[in-house]
There are 2 protein chains.
Amino acid sequence: MNLKEKDDANRSSAAHRIEQELLDEISVGALAPGQRLDETGLAERFGASRTPVREALKRLTAQGVLVQGEKRGVFVAEYSREQLSQIFEAMHEIEAACARIVSQRLNLLSRSEIEAAQSECIVAAEAGDRTAYLKANEAFHLAIYNATGNPYIAEIASEFRRRTGPFRAKKFASAEDLLTSARNHEELISDIFSEDSAAASRSMRDHMTASFIETLKAN
Amino acid sequence: MNLKEKDDANRSSAAHRIEQELLDEISVGALAPGQRLDETGLAERFGASRTPVREALKRLTAQGVLVQGEKRGVFVAEYSREQLSQIFEAMHEIEAACARIVSQRLNLLSRSEIEAAQSECIVAAEAGDRTAYLKANEAFHLAIYNATGNPYIAEIASEFRRRTGPFRAKKFASAEDLLTSARNHEELISDIFSEDSAAASRSMRDHMTASFIETLKAN
DNA sequence: TTTGAGTAGATTGTATACAAACCATAATGT
DNA sequence: ACATTATGGTTTGTATACAATCTACTCAAA
């Protein structure tokens, strides 16, 4: 059980449920950037009153996944190309630091967790199953974050993945895209497992640069 | 007007006001780590109903500044020494990245903003005014974050400062501590302004290491 | 045709009431 | 004396009503 699931297990209120479902939908792009969310509509949809909807929306705006309009309205966060590049730059720094730290701290458990996550990526990519791949890809990166042994670094990195999820999801248009991504993971893992922290950091930066370029193309 | 102030200017609800006041009190240590917050007590204190109090608390738990008890209760986040060191490690990485980026991107405006902020630190330190120094110190670091030109990096760094504020505040016990800190800034600025990004990064890491050690001693 | 004022409906923020869950203490049983 | 159960008070989560604010549309005047 990772940090996020532990938190979830203790909270089963309507507000929490709504927050999670919205977060999931945003991450996979089912709620599009810029889309307006409507309290009363959401209340009807989730079979609850406005109160837990508002509480969920408050938490999501505090997390930056939603943004509050100047006068009214709550919207799925959207970003210009410039903003997206700034987010990726920030993400770049975090991910490179993660890779460097992991390469210095690998142990049997973390190594096998990363390998297991990558196996799932390969299975999904070879099956051409986009939905499964999106999920496996997130799990792969999460395994790397967890391998830092630092929950705060993992949380920051995860937060950036949440924010960029909808944009990144669009680059996996074809079965070939899935296979390419899974192959890129192999090279990344090789560098991280080399215990050469500079190589690990550089490899992750390359991976993120490629990810960014594909994301720009797809958005 | 930086990112945070812009956001504030558009929101004057009771919930928002309560969130800000609690955040301020937590940052300066007026609300102690581990302290329990009580919805009805806060409602009375702020002259509002429980609803905006709950909304403020929801946002603060989403930001990690408060933590929700397993069954009930909301508490000011507290950290063991190990957790504090993990947070500082994460902060270390962000701050070092900031210093490196700033040294590569300095312009007249950002340079003069950093210098102005440091002047305020010196004034406060020489006056032995702890409260003013705490404020000026935060403004100094914020000027560095803003100089990255990347609001997302600045926001992450600011978030760590918010979380560690109560613990860091305790290291400024004497007037001499203020002067030492202000002198450390001078060295840091010199390296950042050298346009040598590796030196800037290393200098910031040294600064953060010293900060961490003093924080551990004081807590 | 354009502009400004007014209005109705929609949205937001909040207060309050109610029910469920939790917890501490007292009473009862072994 | 110790363990279990019951009870009352507190806390949490939510629904609903109300008031304030915002927005879009209509109509009249220039």
Side-chain angles (χ1 to χ4, degrees), chain A residues 4 6-26 31-78, chain B residues 4 6-26 31-78:
Chain A
K4 184 62 178 169
K6 181 179 179 186
D7 189 55
D8 286 351
N10 294 331
R11 304 165 56 152
S12 54
S13 64
H16 169 69
R17 209 183 69 237
I18 293 165
E19 178 189 349
Q20 279 308 118
E21 291 201 29
L22 290 178
L23 206 41
D24 286 346
E25 289 183 29
I26 292 163
L31 281 175
Q35 187 167 337
R36 166 120 183 219
L37 299 188
D38 157 46
E39 285 179 14
T40 53
L42 289 177
E44 283 169 23
R45 174 178 154 199
F46 289 105
S49 74
R50 278 174 56 226
T51 309
V53 169
R54 286 179 63 82
E55 291 188 5
L57 296 183
K58 289 290 186 183
R59 284 182 57 86
L60 291 171
T61 55
Q63 291 166 61
V65 173
L66 299 181
V67 294
Q68 196 159 357
E70 292 204 352
K71 295 282 170 65
R72 52 172 49 193
V74 171
F75 302 84
V76 180
E78 67 182 332
Chain B
K4 184 62 178 171
K6 182 181 180 185
D7 189 52
D8 287 350
N10 292 333
R11 306 167 53 155
S12 53
S13 64
H16 171 69
R17 209 182 70 237
I18 293 165
E19 180 189 346
Q20 280 308 121
E21 292 201 27
L22 291 178
L23 207 39
D24 287 345
E25 290 183 26
I26 292 164
L31 281 176
Q35 187 167 337
R36 171 139 175 195
L37 300 189
D38 157 46
E39 284 180 15
T40 53
L42 289 177
E44 281 169 24
R45 176 181 152 195
F46 288 105
S49 74
R50 276 175 56 229
T51 310
V53 169
R54 286 180 61 82
E55 290 188 5
L57 296 182
K58 290 290 187 183
R59 284 183 56 89
L60 292 171
T61 55
Q63 290 166 62
V65 175
L66 299 181
V67 295
Q68 194 158 358
E70 291 204 354
K71 296 281 170 64
R72 53 173 47 192
V74 171
F75 303 84
V76 179
E78 66 182 334

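Reminder, nothing fancy here: chain letters follow the sequence lines and each chain counts from 1.
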task: Look at the side chain of B/R72 and the base of D/dG13, then say whether one donor and one acceptor between them are separated by less than 3.5 Å.
output: no
message: In whole Å, I'd like the distance from the NZ atom of A/K58 to the P atom of D/dG13.
response: 17 Å
query: Quick one: CD on A/Q68 to NE2 on B/H16, what's the gap to the nearest 0.5 Å?
result: 10.0 Å
message: Let's see if you can work this out: which of D/dA17, D/dG13, C/dT16 has an atom nearest to the side-chain heavy atoms of B/R50?
response: D/dG13
field: Atom-pair distance (CD1 on B/I18; C1' on C/dA15), nearest Å
entry: 13 Å
field: From D/dT11, C/dT12, C/dA15, nucleotide with atom closest to B/P52 side chain
entry: C/dA15
task: Could you pick out which residue, B/G73 or A/G47, lies toward the 5' side of DNA chain D when each is mapped onto its nearest nucleotide?
output: B/G73
field: Atom pair distance, as rounded to whole Å: CD in A/E19 and P in D/dG13
entry: 13 Å
Closest listed nucleotide, where the reference is the side chain of B/Q68 and the choices are D/dT11, C/dA15, D/dG13: D/dG13
task: Enter the distance from A/L57:CG to B/K58:NZ here, rounded to the nearest 0.5 Å.
output: 12.5 Å
statement: Closest of D/dT23, D/dT11, D/dT14 to the A/E55 side chain is D/dT14
field: Nearest-angstrom distance from the residue atom CD of A/E70 to P of D/dT23
entry: 10 Å
- prompt: How long is the line joining CG of B/L42 and C1' of D/dT10, in whole Å?
  reply: 16 Å
- request: Using a 4.5 Å cut-off on heavy atoms from C-beta on, say whether the side chain of B/T51 contacts that of A/R54.
  value: no
- request: Rounded off to whole Å, could you give me the NZ-to-P distance for the B/K71 and C/dC22 pair?
  value: 6 Å
Earlier contact from the 5' end, DNA chain C, for A/V74 and A/T51: A/V74
field: Per B/R36 side chain, nearest of listed nucleotides D/dT12, C/dA15, C/dC23
entry: D/dT12
- prompt: Among the nucleotides D/dT12, D/dT16, C/dC22, which one has an atom lying closest to any side-chain atom of B/R54?
  reply: D/dT12
message: Using whole Å, what does the distance between atom C1' of nucleotide C/dA21 and atom NE2 of A/H16 come to?
response: 18 Å
message: Distance check needed: D/dT21 P versus A/E39 CD, whole Å only.
response: 17 Å
message: I'd like to know if the side chain of A/Q63 reaches the main chain of A/R59, judged simply by a donor and an acceptor atom lying under 3.5 Å from each other, with no hydrogens or angles considered.
response: yes
task: Specify the closest pair of heavy atoms between B/E19 and B/A56, including all atoms of both residues, with the distance to one decimal.
output: N-CB, 3.7 Å
